[in-house]
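All of these numbers come straight from a predicted model, not from anything done at the bench.
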Amino acid sequence: MTPRPVTSPRDDSTTPTTPTSPEADSVKQRGFVALVGAGPGHPELLTLRGQYWLSRCDVVLYDGLSNAEMLAHAPQAEHICVGKHGQSRIWTQPEIITETLRHAAAGKSVVRLKGGDPAVFARTSEEVDALVAANIPFEIVPGITAALAAGSYAGIPITHRGIASAVALVTGHEEPGKPESALDWAALAAFPGTLVIYMGVTTADVWTRALLDAGKPPETPCAILRRCSLPDQQQITCRLDEVAGHLTPASKFRPPVITIVGDVTKLSETMDWFSRRPLHGQRVLVTRPVEQADELARPLEDLGAITVRQSVIEIMPPANWEQIDNAIDRLPTFQTIIFSSTNAVCYFLDRLLERGYDVRSLAGLRIAALGKATATRLSEYHLNADLIPSEFTADGLVRDLWTSVSDENVLIVRANRGSRVLPDGLAAAGARVEEVAAYQNVDVEHADPKIAEMLRQGEIDWITVTSSATAENLHRLFGDDLQGCRFVAISPITAEVLRSHDYDVAAIAETPSMDSLADAVAKASQA
């Protein structure tokens, strides 16, 4: 996966604004529709052009095959779901067209977000005909269709110079009411290449029988691919005469599904990288605060995990800024300032800047950061940490500062609660320690019922725990339902808290960082 860009906490460059370009101004005045391909499923397979229109539109009409995470690119817009199988009523095509025209006629910029590519089995021509008839300008933005994504995510290149020099994309679900099929199954059975069948789950018995009756050998290798490119992607390899048996309602192998028919499917045995990742198919619970969950979820997903999220602590600003403001006004009286976390950096320095100071206020102070992530966050404010402990722990920082802080004034910027190791250790070394709570860790009061049910059913394999407070809150929220899970802790201290409640700690991160924690889960899984 391509990492998302890291921006400064004060960087508003990614915040959507009212368009100011001539093109965008024209769109706002006349109404406009962008028919955007959302790709096969993974939110990062959206094109940059699709992201452009999402960030500038007034309304998004999206279907169930479009990953709803893409709506994060359109926080300014109204989001309208036009239906998702098994969850909400599926809008008819005339209803979707009417709604699109209504918003565009009102002068709004509309994105019609469509799964896959708008030009592949997406009924785009019907929408375009309506837009042309209403004299509404539009743009069609391509997307990656599932057949092409299969080559990358399932290790099945749909063309191969030695196996298949042609490919046919075939619908398994023709328009209802046709007097007869428009498909020449005899020609498709004799087709000298790869067949990719879209929308063929409920009609699998029909189209496989048509191919077999037309002479396609029953032993023809096939691959059935579900939720292509998503963490829970599934794949079944079988013969053509076995496909229908794998797509019965009882199999629960439900849409979105494509079936690839042909010898190229054998290549997945050597080309498949997706299912060989160390955490493929394993479900990991991420317990970090909502705004920080991605920092851990993303490396886990890169390793193949299916992540689910349950914040047990919320990060909030302090109840009042008096203590912080007082420390900011007295910065010249300190010799050392210690930032205990990335949150401490953001809340403290943002407040400093809001009050009209700038980073020159820290001139002359020795700046210490508890961990590389904290140091990286400081660099986003154009500050370099003078000291990062050789061991990324409070104990390690105390040891590194022991001989240099005697008779110094030391300011520790931290949360409203946490371990006493750092302040007590520095005080024992002879420092005059002052602590300020730049932010609050607030306990989440109620668990997500869906997560609780998954735990009760044993559907979560791993739980990541990033602090002692997180461990205590997990125990409070879920209790005995956690007993069947394996835990991975960020530090030995956190692991001890978990063990005190009789939970199985399978691994401890080598360093207190999210990448290290994700690696610890992967190593424990392999072991």
Polar contact flag, side-chain donor to acceptor under 3.5 angstrom, Ser66-Asp63: yes
Side chains of Ser379 and Thr376: is there a donor and an acceptor less than 3.5 Å apart? no
For Tyr198 and Ala147, indicate whether the former's side chain and the latter's backbone hold a donor-acceptor pair under 3.5 Å. yes
So how far is it from Leu279 CG to Thr307 OG1, rounded to the nearest 0.5 Å? 11.0 Å
If you define the side chain from C-beta out and look only at heavy atoms, does anything of Ile96 sit under 4.5 Å from Arg112? yes
When you compare the side chain of Trp185 with that of Val170, does any pair of heavy atoms fall below 4.5 Å? yes
Under 3.5 Å: donor-acceptor pair, side chain of Ser491, backbone of Thr494: yes
Backbone N/O of Ser109 and side chain of Asp58: donor-acceptor pair under 3.5 Å: yes
Quick one: OG1 on Thr464 to CG on Leu296, what's the gap to the nearest 0.5 Å? 4.5 Å
Derivation and outcome, side chain to side chain contact (heavy atoms under 4.5 Å, CB included), residues Val167 and Val196: CA-CA 7 Å; Val167 61; Val196 182; 4.0 Å; yes
So with a 6.0 Å cut-off around CD of Glu291, is the heavy-atom count from everything else above 12? yes
Nearest 0.5 Å, please: how far is CG in Leu195 from CD1 in Ile258? 12.0 Å
Any side-chain donor near an acceptor of the partner, Tyr52 and Thr47, under 3.5 Å: no
Determine, for Glu44 against Arg298, whether the closest basic-nitrogen to carboxylate-oxygen distance falls under 4.0 angstrom. yes
Among Asn67, Leu71, Val111, Val82, whose side-chain contact (heavy atoms from CB on, under 4.5 Å) with Tyr62 holds? Leu71
Thr287 and Gln310 side chains, donor-acceptor separation under 3.5 Å: no
Taking all heavy atoms of Leu498 and all of Ala489, pick out the closest pair and write down the distance. CD1-CB, 4.2 Å
For a 4.5 angstrom cut-off between non-hydrogen side-chain atoms, does Asp461 reach Arg486? yes
Any side-chain heavy atom of Leu45 within less than 4.5 Å of one from Pro40? yes
So, are Asp232 and Arg227 salt-bridged, with charged N and O less than 4.0 Å apart? yes
Considering all heavy atoms of both residues, which atom of Trp53 and which atom of Glu139 are nearest to each other, and what is their separation? NE1-OE1, 3.2 Å
When the aromatic ring centroids of Trp462 and Phe487 are compared, is their separation below 6.0 Å? no
Spell out, as yes or no, whether a donor-acceptor pair under 3.5 Å connects the side chain of Ser229 to the backbone of His42. yes
Strictly distance-based, threshold 3.5 Å: is any side-chain N or O of Gln76 a donor or acceptor partner for the main-chain N or O of Leu54? yes
Examine distances only and state if a side-chain atom of Thr124 and a backbone atom of Pro118 form a donor-acceptor pair shorter than 3.5 Å. yes
Start with the C-alpha distance between Leu46 and Val36, add both sets of side-chain angles, then the distance that settles side chain to side chain contact (heavy atoms under 4.5 Å, CB included), and finish with yes or no. CA-CA 9 Å; Leu46 177 71; Val36 175; 4.1 Å; yes
With distance as the sole test, does Ser516 use its side chain to make a donor-acceptor pair with the main-chain N or O of Ser513 at under 3.5 Å? no
Would you check if there is a donor-acceptor pair between the side chains of Asn343 and Gln292 at a distance under 3.5 Å? yes
Write down the atom of Ile136, the atom of Ala105, and the distance for their closest heavy-atom approach. CD1-N, 4.3 Å
Quiz question: by atom type and distance under 3.5 Å, do the side chains of His475 and Tyr503 form a donor-acceptor pair? yes
Please tell me if the side chains of Leu300 and Val521 come closer than 4.5 Å, counting only heavy atoms from C-beta onward. yes
When you check the side-chain N and O atoms of Gln282 and Ser525, is any donor under 3.5 Å from an acceptor? yes
Walk me through it: do Ile313 and Ser467 pass the test side chain to side chain contact (heavy atoms under 4.5 Å, CB included)? CA-CA 10 Å; Ile313 291 175; Ser467 70; 4.1 Å; yes
Backbone of Pro278 reached by a side-chain donor or acceptor of Gln526 within 3.5 Å: yes
d(Ile156 CD1, Ser268 OG) to nearest 0.5 Å is 4.5 Å
Looking only at side chains, do Thr92 and Glu95 share a donor and an acceptor under 3.5 Å apart? yes
Less than 4.5 Å apart, side chain to side chain, heavy atoms only: is that true for Ile144 and Asp117? no
Please report the C-alpha distance between Thr259 and Trp207 in whole Å, then the side-chain angles of each, then the deciding distance to 0.1 Å, and finally whether the side chain to side chain contact (heavy atoms under 4.5 Å, CB included) criterion is met. CA-CA 11 Å; Thr259 304; Trp207 62 261; 3.7 Å; yes
Arg239 bridged to Asp241 by N-O distance under 4.0 Å: yes
Answer yes or no: is there an ion pair linking Arg456 with Asp481, defined by an N-O contact shorter than 4.0 Å? yes
Electrostatic pair Arg277-Glu301, nearest N-O below 4.0 angstrom: no
N/O donor-acceptor pair under 3.5 Å between Thr342 side chain and Thr374 backbone: no
Min side-chain heavy-atom separation Pro289-Glu314 under 4.5 Å: no
Leu35 CG to Arg123 CZ distance, which is reported to the nearest 0.5 Å: 14.0 Å
Shortest non-hydrogen contact between Ala520 and Ala507, atoms and distance: O-CB, 3.9 Å
Identify the two heavy atoms, one from Arg309 and one from Ala293, that lie closest to each other, and give their separation to 0.1 Å. NH1-CB, 3.5 Å
Over 12 foreign heavy atoms within 6.0 Å of CZ, Arg89: yes
Check this for me: does any side-chain nitrogen of one of Arg288 and Glu295 sit under 4.0 Å from a carboxylate oxygen of the other? yes
Could Arg276 and Phe274 be counted as a cation-pi pair, given that NZ or CZ must be under 6.0 Å from the ring centre and within 45° of the axis? no
Would you say the side chains of Glu99 and His103 form a donor-acceptor pair under 3.5 Å? yes
With a 3.5 Å distance limit and no angle check, can you tell me whether Arg226 reaches the backbone of Arg254 through a side-chain donor-acceptor pair? yes
Looking at every non-hydrogen atom in both residues, tell me the closest pair between Asp263 and Pro221 and how far apart they are. OD1-CG, 3.3 Å
NZ (Lys372) and OG1 (Thr511) are apart, to the nearest 0.5 Å, by 7.5 Å
Would you say that Tyr153 contacts Gln233 through its side chain, given a criterion of any heavy-atom pair below 4.5 Å between the two side chains? yes
